[in-house]
Structures are given as C-alpha cells and as structure tokens.
Amino acid sequence: MAPGDRTRRAALLPVAFFQRPAEVVAAELLGCTLVSTLDGVRIAARIVETEAYLGVDDPASHAWRGRRTAANASIYASPGTWYVYRSYGMHWCLNLVSAPAGQGAAVLLRALEPLEGIETMAARRGRPLRELCAGPGRLAEALGATRALDGLAMRASAVTVHAPRAHVPPPHVAGPRIGITRAADWPLRFCVAGSRFLSRPPTRNGPASPPGRRTTHSRRAQ
DNA sequence: CGGAAGATCCACT
DNA sequence: GTGGATCTTCCGA
C-alpha cells in the first residue's frame with residue numbers, strides 16, 4: 001500500500017460518529033487513522049488504545065458532578081470537539097467529545113501505531129519507535145498537539161480522524177482505566193488485541209479477580 | 001493559606 | 001521500583 005492510500009480511501013469521520021455514547025465511540029475509534037498536519041508536517045497513525053469518560057455521572061471524569069473550570073470548558077462542547085487538557089502540569093492529553101452533548105462525555109486517545117512521519121515523531125520525542133505514541137502525553141507530543149487544539153471542531157482542525165465508510169473495528173479487549181483511583185474498575189479502556197504499541201499490556205477485570213497475589217503497585221492485575 | 005492529588009513520563013537505582 | 005518535574009484545583013485548618 002502506497003503512503004496515503006489508507007486515508008485516501010477513508011473518510012473524515014462525520015459528526016454523527018461522535019453522537020453516540022462515549023464507550024461506543026471509544027471502541028469504534030480503534031483502527032481509525034489519525035492525521036496531523038500541525039507545523040506543516042504530515043503525521044499519520046492508527047488508533048490502538050482509547051478510554052471512555054462518561055461525564056457528570058462518572059467519578060473519574062473531569063466533568064464529574066458538573067465541575068466547570070477554565071481548563072475543562074471544552075468537555076461540555078458539542079460532539080466531535082477536541083478537549084485538550086494539561087496532565088500533571090506538563091503533558092497535553094487529547095480527547096474527543098462524545099454524546100450526549102453537554103454531559104461532559106469524552107474519549108481519551110491513549111496510544112497510536114505510527115504509520116507516516118515517523119522521522120518527525122522521533123525527532124519530537126527522542127524515543128524509539130515503540131514509545132513514540134504509547135501513552136496519552138506521548139502521542140500528543142509526537143503529533144505536535146497542544147492546548148491550541150482545545151475547543152476546535154475535529155473536522156475543521158489540523159488533527160483529523162478518518163475511517164472507511166463501513167469501518168469495522170479490529171478485535172479488541174476492554175479493561176479497567178489507567179492512572180485513576182475512582183471508578184478505575186469500570187471496563188472503559190479499549191485496546192486493539194495484540195498491538196505492540198499500547199501504553200501498557202491490556203488487562204481484564206474479570207469478576208473472578210482473585211484476592212491476594214498482587215504487586216504493591218497493583219499495576220498488572222491479572 | 002498550605003498541602004495534596006491528579007486521565008503522565010522519564011531518569012535513575 | 002522509586003522519586004522528581006510542574007501546575008491547577010480542591011479541601012481542610
């Protein structure tokens with residue numbers, strides 16, 4: 001496949017794609033192609049890991065109980081809008097707002113598989129291929145994305161997402177969300193099965209999560 | 001008003 | 001595995 005074919009045959013995701021529950025959007029974004037033209041450089045990558053945050057009723061969401069600050073205003077914007085927040089005072093993280101509108105529901109992009117513009121990403125990141133986009137802060141840096149993207153409609157921005165008309169997400173695994181404490185066990189993290197570009201290996205929170213036998217940092221359940 | 005936590009990442013041991 | 005960078009928001013005193 002020649003470079004570019006993947007997105008030539010694919011279409012810019014319509015707003016209707018995002019007018020569905022965040023967990024549906026999160027699962028269906030897997031396998032879609034993300035393209036950044038920030039700084040005049042074309043980057044393409046395949047989405048391999050996402051997380052859904054459900055909004056005002058989700059204790060882990062920035063919109064929990066309707067919380068509103070200057071930093072999170074965009075999470076309440078219409079579906080298909082970028083919500084970019086600062087993490088730990090240093091990293092940018094990219095979300096796409098989902099339905100229902102005004103609920104504060106959004107999908108966090110957690111990992112991408114690099115396809116095009118790898119040299120640029122490597123220059124921006126100074127890390128090996130596998131670590132270019134394996135994490136929400138990492139992929140933002142690789143794309144050159146910053147707060148400047150926040151509040152923009154994805155379709156009209158320099159970072160777009162594409163998929164074939166009849167997009168069928170690849171086989172994936174759902175598991176607990178990463179790096180949060182409240183409602184962490186809700187199975188809202190979605191990973192492409194077998195991908196080597198994930199932020200960390202997928203886990204499943206089975207009902208049979210056996211007691212004991214757990215690392216001090218319960219990083220790898222299962 | 002001070003301290004701690006947070007949707008993270010990296011260098012170092 | 002541990003701790004530091006860095007900054008906004010929240011909560012208790």
Side-chain angles (χ1 to χ4, degrees), chain A residues 18 21-23 25-27 29-30 34 45 47-77 81-98 103-112 114 121-151 159 173-191 196-203 205 213-221:
Chain A
F18 300 97
E23 63 269 34
V25 173
L29 278 173
L30 297 179
L34 183 149
I47 299 174
V48 295
E49 180 181 340
T50 59
E51 274 176 4
Y53 288 84
L54 307 184
V56 300
D57 298 320
D58 179 351
S61 169
H62 290 170
W64 167 234
R65 303 205 297 203
R67 176 173 171 272
R68 265 180 197 272
T69 66
N72 78 349
S74 301
I75 206 173
Y76 297 102
T81 300
W82 284 114
Y83 164 51
V84 181
Y85 71 91
R86 182 103 92 159
S87 175
Y88 289 89
M90 334 174 63
H91 311 286
W92 298 111
C93 296
L94 277 58
N95 295 252
L96 284 162
V97 177
S98 297
Q103 177 82 4
V107 175
L108 171 69
L109 302 182
R110 283 198 58 90
L112 311 174
M121 289 191 270
R124 285 170 174 161
R125 295 268 306 124
R127 309 291 303 176
L129 175 64
R130 207 205 67 79
E131 298 172 25
L132 292 183
C133 301
R138 292 167 166 181
L139 71 87
E141 183 176 34
L143 297 174
T146 66
R147 178 86 176 163
L149 200 63
D150 182 70
V159 181
V173 181
R177 295 179 288 186
I178 302 297
I180 57 176
T181 54
R182 301 173 312 191
D185 56 333
W186 295 10
L188 296 176
R189 174 186 181 225
F190 301 90
C191 300
R196 72 181 263 246
F197 296 97
L198 304 176
S199 64
R200 67 179 69 176
T203 55
N205 47 354
R213 272 303 65 102
R214 196 149 299 186
T215 323
T216 34
H217 277 341
S218 57
R219 186 145 281 191
R220 32 130 144 226

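Labels below follow one simple rule: chain letters A, B, ... track the order of the sequence lines, proteins then strands, and each chain is numbered from 1.
Straight-line distance between the P atoms of dA4(B) and dG3(C): roughly 15 Å, to the nearest whole Å.
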Dot-bracket notation for DNA chain C, counting Watson-Crick and G-U pairs under 3.5 Å, with | for partners on another strand: |||||.||||||.
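Residue Arg67(A) places at least one side-chain N or O under 4.0 Å from the OP1 or OP2 atom of dC10(C). Look at Arg110(A) and you'll find a side-chain N or O under 4.0 angstrom from OP1 or OP2 of dT8(B). Contact annotation: Thr181(A) side-chain N/O to dA5(B) OP1/OP2 distance is not under 4.0 Å. Dashed line: the shortest gap from a side-chain N or O of Thr69(A) to OP1 or OP2 of dT9(C) is under 4.0 Å.
Among the nucleotides dT9(C), dA5(C), dT8(B), the one closest to the side chain of Ala71(A) is dT9(C). Of all nucleotides listed (dA7(B), dG6(B), dT8(B)), dA7(B) comes nearest to the side chain of Tyr53(A).
Taking 4.5 Å as the limit, every side-chain heavy atom of Phe18(A) sits out of range of all side-chain heavy atoms of Thr81(A). For the pair Ile178(A)/Pro136(A), no side-chain contact is recorded, criterion being any heavy-atom separation below 4.5 Å from C-beta on. Put simply, the side chain of Val25(A) does not reach to within 4.5 Å of the side chain of Phe190(A), judged on heavy atoms.
Residue contacts for Ser199(A): at a heavy-atom cut-off of 4.0 Å it reaches no nucleic acid atom on any strand shown.
Rounded to whole Å, atom C1' of dA5(C) lies 12 Å from atom CZ of Arg86(A). Put simply, CD1 on Ile180(A) is 9 Å from P on dT8(B), counting in whole angstrom units. Leu109(A) has its CG atom 13 Å from the P atom of dT8(B), to the nearest Å. A straight line from CD1 of Ile178(A) to P of dG6(B) spans 15 Å, rounded to a whole angstrom.
Comment: Arg110(A) engages Glu51(A) in a salt bridge, judged by a side-chain N to carboxylate O separation of less than 4.0 angstrom. We find that Arg124(A) and Glu141(A) are not joined by a salt bridge, their nearest charged nitrogen and carboxylate oxygen being 4.0 Å or further apart.
Along DNA chain B, the nucleotide closest to Arg125(A) and the one closest to Ile75(A) are compared, and the more 5′ of them pairs with Ile75(A).
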Test side chain to side chain contact (heavy atoms under 4.5 Å, CB included) applied to Arg147(A) and Arg86(A), step by step: CA-CA 8 Å; Arg147(A) 178 86 176 163; Arg86(A) 182 103 92 159; over 6 Å; no
Criterion side chain to side chain contact (heavy atoms under 4.5 Å, CB included) on Tyr83(A) and Asp150(A), from CA distance to verdict: CA-CA 5 Å; Tyr83(A) 164 51; Asp150(A) 182 70; 3.7 Å; yes
Side chain to side chain contact (heavy atoms under 4.5 Å, CB included) between Asp57(A) and Gln103(A), worked out: CA-CA 8 Å; Asp57(A) 298 320; Gln103(A) 177 82 4; 3.2 Å; yes
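In this pair, Tyr85(A) does not lay its aromatic ring on the base of dA7(B); centres under 5.5 Å and planes under 30 degrees do not both hold.
Contact check of residues 127-147 of chain A against DNA chain B (heavy atom, cut-off under 4.0 Å) returns Arg127(A), Gly135(A), Pro136(A), Gly137(A), Arg138(A).
Across every non-hydrogen atom of Arg67(A) and Asn72(A), the tightest pair is O-ND2, 3.0 Å.
Contact of Tyr88(A) with dA5(C) (side chain to base): no donor-acceptor pair of N or O atoms is detected under 3.5 Å.
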